[in-house]
Amino acid sequence: MKMHPVDRPAKWLALLGTITLLASLPGCLPNSQTGVRMLHENVARAHSQYNYIDLLSSYGSFFSLIAQGSYQDLPGLLAELSQANLPLELRELFDRYNTLSRQLADALSMADARLNDAAGMIAENRLVEAAALLDQAEARLNDASLTAQDITAANESIEDRLNATAPEANPALRSAYYSLVDLSEHIGGEILRLQALRQSILAEHQTAAVLLTPTALELIVPPGTVSVGERISVAGRLMAEGRPLAQKTIALSLGGQSGAAVTDADGYYQTTLPVPYQYVPSLTLQARYNPQGWDLDTYQAAASSKTLPLYYYRTSLELSLPPELHPGLAFTLQGRIVSDGPALPRQLTVSLGNTVLARSSASASFSLDVTPPANLVPASYPLSIGVAPDGLYAGASATSPILLAQIPLTLRTDVPGLVVAPGAYHVRGAFAAPDGSALMSRVKVTLPDGTDMTTATGGAFDFKVRIPFDLAALGRRALVITVQPAESWYAPASVEVPFYIFNPWDTGLVLLSVLTLTGLGLRAGKRRASDGRTDQTPTVFPPRSTAEAGYTLGGLAAFIVCCYLEARKVVQIKTGTELAPATTLREFLARCGDLLPLVRKAFGELTALAEAALYGREKPGSASASQANEYSRAILERHLHEPR
Amino acid sequence: MSLAKYVAILASGLVVVLALLVEVLPVDADFMVANPSWNGLSGLARATEASPLASFAELTAPDFTLLLCLPETNYSPAELSALEGFVRQGGSVLLADDFGCGNEVLAGLGLTTRFAGALLLDPLICYKDRALPKISRIEADPLTAGVTSLVLNHATVLTNVPTGAVLAESSSFSFLDQNGNGSLDGREPEGPFPVLAREELGGGEVIILSDPSLLINGTISLMDNLRLVNNIAGLRGGKLALDESHLRPTSLTESKGDLGRLLAMLRQPFATAVLLLAALAFVALLARPAARRQRKE
């Protein structure tokens with residue numbers, strides 16, 4: 001198909017547009033990830049799924065572990081179950097169920113531990129302590145029995161709320177529920193097992209109490225207070241039913257320190273023990289007789305304890321802290337060490353978070369220059385000042401949360417509000433610390449498409465910023481000015497400064513384009529109006545008859561031929577040329593065309609149009625008719641000026 | 001009006017409309033800072049003042065934490081080398097991945113931990129559904145300060161984590177859905193599994209998280225997720241940089257990039273002039289008087 005020149009650009013544009021359209025269309029389609037693993041879901045739109053079957057099964061496993069006497073994993077399991085995903089209306093019920101389960105596990109675990117301890121103490125002839133433990137175990141087992149009853153009741157509530165045993169219930173849920181009930185009933189068996197164990201240990205205890213001779217251990221310590229660090233004299237006597245026990249070892253312990261003494265022939269023992277450096281109001285001294293060897297078959301164990309009030313010099317700190325600290329900037333920490341005793345040099349440690357800032361020695365008042373690390377992230381940290389204990393002097397520490405912050409700078413800028421692009425402009429400004437200190441900083445000016453940086457001292461800067469050529473004739477732009485101080489204790493300052501650009505070149509081009517397009521548009525409009533008029537064949541080209549001239553034509557062909565005939569008549573009159581019957585239109589043109597130079601070209605064109613109308617294969621169009629009309633009128637107008 | 005003219009005007013109009021749409025529509029790609037939707041990282045960027053990492057050449061001073069969130073495309077040897085140098089000099093890297101190229105990074109850095117690559121499900125200890133497991137087993141560490149629970153979103157788990165490196169684990173009810181049927185089958189491994197770990201390398205550290213979706217807008221505000229992110233961001237002076245260069249772009253983000261490049265190109269003076277001249281010539285061509293053309297014929 002041959003493309004008409006008129007349609008070429010439009011067709012190329014259509015082709016290009018279609019290709020671009022097809023290429024750009026996928027960009028507007030939603031992001032599909034077919035065939036790719038799902039990365040995540042929209043949590044806000046996720047539907048809650050509750051897994052009651054697994055939940056009931058897990059509690060069933062919990063009771064199963066209890067029934068087996070495996071208590072060590074229970075707290076972790078319960079902690080996880082308390083996080084189970086549950087609807088709000090069931091949360092309270094299962095929270096309570098979890099609490100009951102924890103209470104049951106604690107009671108049984110404690111009872112089990114007490115019974116084990118009691119059995120061990122009976123083996124060491126410590127019958128008095130064993131009796132106390134057996135009583136505690138009994139109390140815990142009673143608690144467990146009550147809790148087990150509560151759990152049975154809670155099971156019924158779960159059945160009601162979950163509709164677990166209804167005929168329409170999920171069989172798996174029903175099965176999980178029945179399993180839970182079954183396993184929870186095994187708790188009773190575990191309680192019975194522990195009660196039986198207690199009874200057997202109690203029987204052992206009673207047997208030992210009958211077989212073994214009770215002993216009594218006396219403990220004598222110095223009256224009043226004792227000083228930390230001093231050695232104290234410890235004495236006493238070991239008796240069995242009023243008879244002294246000789247050559248028996250007495251174990252002593254005081255604040256984690258242990259010692260031993262051996263009784264003499266009269267059952268007396270005496271030794272010295274150091275008082276540990278523990279700065280607490282009191283410590284408990286314990287003396288214990290544990291039968292060894294053959295004595296295990298004869299004597300019960302005995303124990304005695306005394307509380308010793310401790311004497312030491314209390315120490316406290318009085319501090320004066322700044323409201324906030326700044327990274328890298330030294331501050332003065334002032335304070336006073338207050339103590340009951342005479343002032344002595346003490347070791348001081350200052351730390352911020354986990355970072356030790358300073359160590360020093362001071363006896364009373366002190367003033368320390370301390371510098372927080374420059375690279376410490378601004379945040380709130382605990383500032384701790386510690387005084388190490390020293391002999392009779394207790395230590396002291398004070399911790400206070402303190403803000404580590406950078407000092408803000410003030411930044412003033414001077415940027416023109418309107419700039420002509422492209423061009424270079426000065427961006428000036430000043431920055432300052434609140435106290436007016438001199439600064440040395442790096443200043444960065446960032447344009448939308450570029451960055452400049454300089455080092456400025458004294459708090460002022462002056463940049464020459466180049467505004468590049470821009471497509472926009474007029475537009476809003478912004479530059480970001482950032483001050484990065486060299487000193488770590490100052491905070492970087494940043495400001496975004498908006499300005500407008502005016503681009504005369506681009507404005508000119510745009511105006512030129514607009515004017516050109518407007519002109520072309522107006523011209524095209526006029527032409528269309530003109531075309532519209534000429535297209536109206538019935539009014540502009542009225543039907544004319546050519547029968548008079550011997551032609552049988554119609555429509556625009558008749559109109560064109562009539563125009564020719566009118567013009568030819570004028571030419572005949574002007575040139576005095578007669579038209580012979582056999583003369584063709586072209587022969588007539590050749591004969592008289594040269595006689596009328598002013599109309600020769602127009603008459604030639606008109607002759608060609610008439611020939612086409614008379615003998616052409618295609619019917620003439622309105623354009624040809626319009627031209628014929630114009631040529632005819634031109635000939636009629638010009639013949640007046642044409643010399644005869 | 002001829003059909004060609006009609007199609008040309010229609011196509012030109014549609015192209016302009018589509019270009020405007022591409023410019024106006026928000027980014028929809030997963031894990032992009034510019035995406036304000038539920039699957040983007042705009043919330044993370046806002047909360048931590050994170051900035052995108054322009055290139056791996058910027059990994060010189062280790063004074064920030066680098067976030068590698070779901071590396072979907074492969075790393076070049078040069079990038080891995082730059083990354084290793086950054087960590088060894090004392091930098092911190094958070095590698096959050098589940099089913100991407102995270103193992104390539106871990107292997108490149110010479111670390112033993114790996115991403116399992118199978119989906120972690122927890123039918124009981126979860127947020128809404130089993131693919132949103134709730135993590136309550138948190139080890140005490142400065143990185144997990146104030147964190148008691150996390151919520152993951154279609155996560156995997158970590159394997160071969162060195163002893164003492166685990167910072168958080170899934171519950172004992174969780175399992176790895178290796179066959180993808182959503183249920184626990186006989187041979188599928190059961191929890192607890194490590195989901196957050198930290199390995200030291202040189203003077204720096206690599207924090208490995210088995211779910212990048214913990215960071216997206218829809219998940220970051222759940223439980224203590226944001227606190228964890230803030231703790232991580234606070235490791236190196238509170239500065240966090242995001243690598244988006246290894247994310248796979250969507251058609252829309254690609255179109256936005258193309259459009260941006262086209263506009264940048266057109267802003268050049270020469271291109272502007274050519275464009276205007278072409279427009280003028282084209283309009284002039286279209287507006288040529290029909291009569292003149294006929295006379296030429």
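The sequence lines fix the lettering, A, B, ..., with proteins before strands; numbering per chain opens at 1.
- With contacts defined as side-chain heavy-atom distances shorter than 4.5 Å, the pair Phe31(B)/Leu39(A) qualifies.
- The greatest number of non-hydrogen atom pairs below 4.5 Å with chain A, out of Asn153(B), Val151(B), Asp211(B), is found for Asn153(B).
- In this structure, chain B has a heavy atom under 4.5 Å from the backbone of Ala44(A), while its side chain stays farther away.
- At a 4.5 Å heavy-atom cutoff, the contact between Arg137(B) and chain A is made by side-chain atoms alone.
- When only modelled atom types and interatomic distance are considered, Glu80(A) and Ser136(B) share no side-chain donor-acceptor pair under 3.5 Å.
- Using a 4.5 Å cut-off between heavy atoms, Leu222(B) touches chain A through its side chain atoms alone.
- Put simply, the side chain of Val43(A) reaches to within 4.5 Å of the side chain of Leu132(B), judged on heavy atoms.
- Scanning both residues, Gln83(A) and Lys134(B), for their nearest heavy atoms gives O-NZ, 3.2 Å.
- Chosen from Asn354(A), Asn85(A), Leu86(A), Leu77(A), the residue pairing most often with chain B at heavy-atom distances under 4.5 Å is Asn85(A).
- Ranked by heavy-atom pairs shorter than 4.5 Å toward chain A, the options Ile216(B), Asp98(B), Asp258(B), Thr219(B) are led by Ile216(B).
- Between the side chains of Asp30(B) and His40(A), at least one donor N or O sits under 3.5 Å from an acceptor N or O.
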Working for side chain to side chain contact (heavy atoms under 4.5 Å, CB included), residues Ser48(A) and Asp129(B): CA-CA 6 Å; Ser48(A) 292; Asp129(B) 61 50; over 6 Å; no

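- Annotation: side chain of His47(A) is not in contact with side chain of Lys128(B) (no heavy-atom distance under 4.5 Å).
- Note that the OG atom of Ser61(A) and the CZ atom of Phe173(B) stand 7.5 Å from one another [nearest 0.5 Å].
- Across Ser37(B), Pro212(B), Ala155(B), Pro123(B), the residue that shares the most heavy-atom pairs under 4.5 angstrom with chain A is Pro123(B).
- Residues Leu124(B) and Leu55(A) form a side-chain contact, since some pair of their non-hydrogen atoms from C-beta on lies under 4.5 Å apart.
- Contact tally against chain A (heavy-atom pairs below 4.5 Å) for Gly180(B), Gly218(B), Ser171(B): the top residue is Ser171(B).
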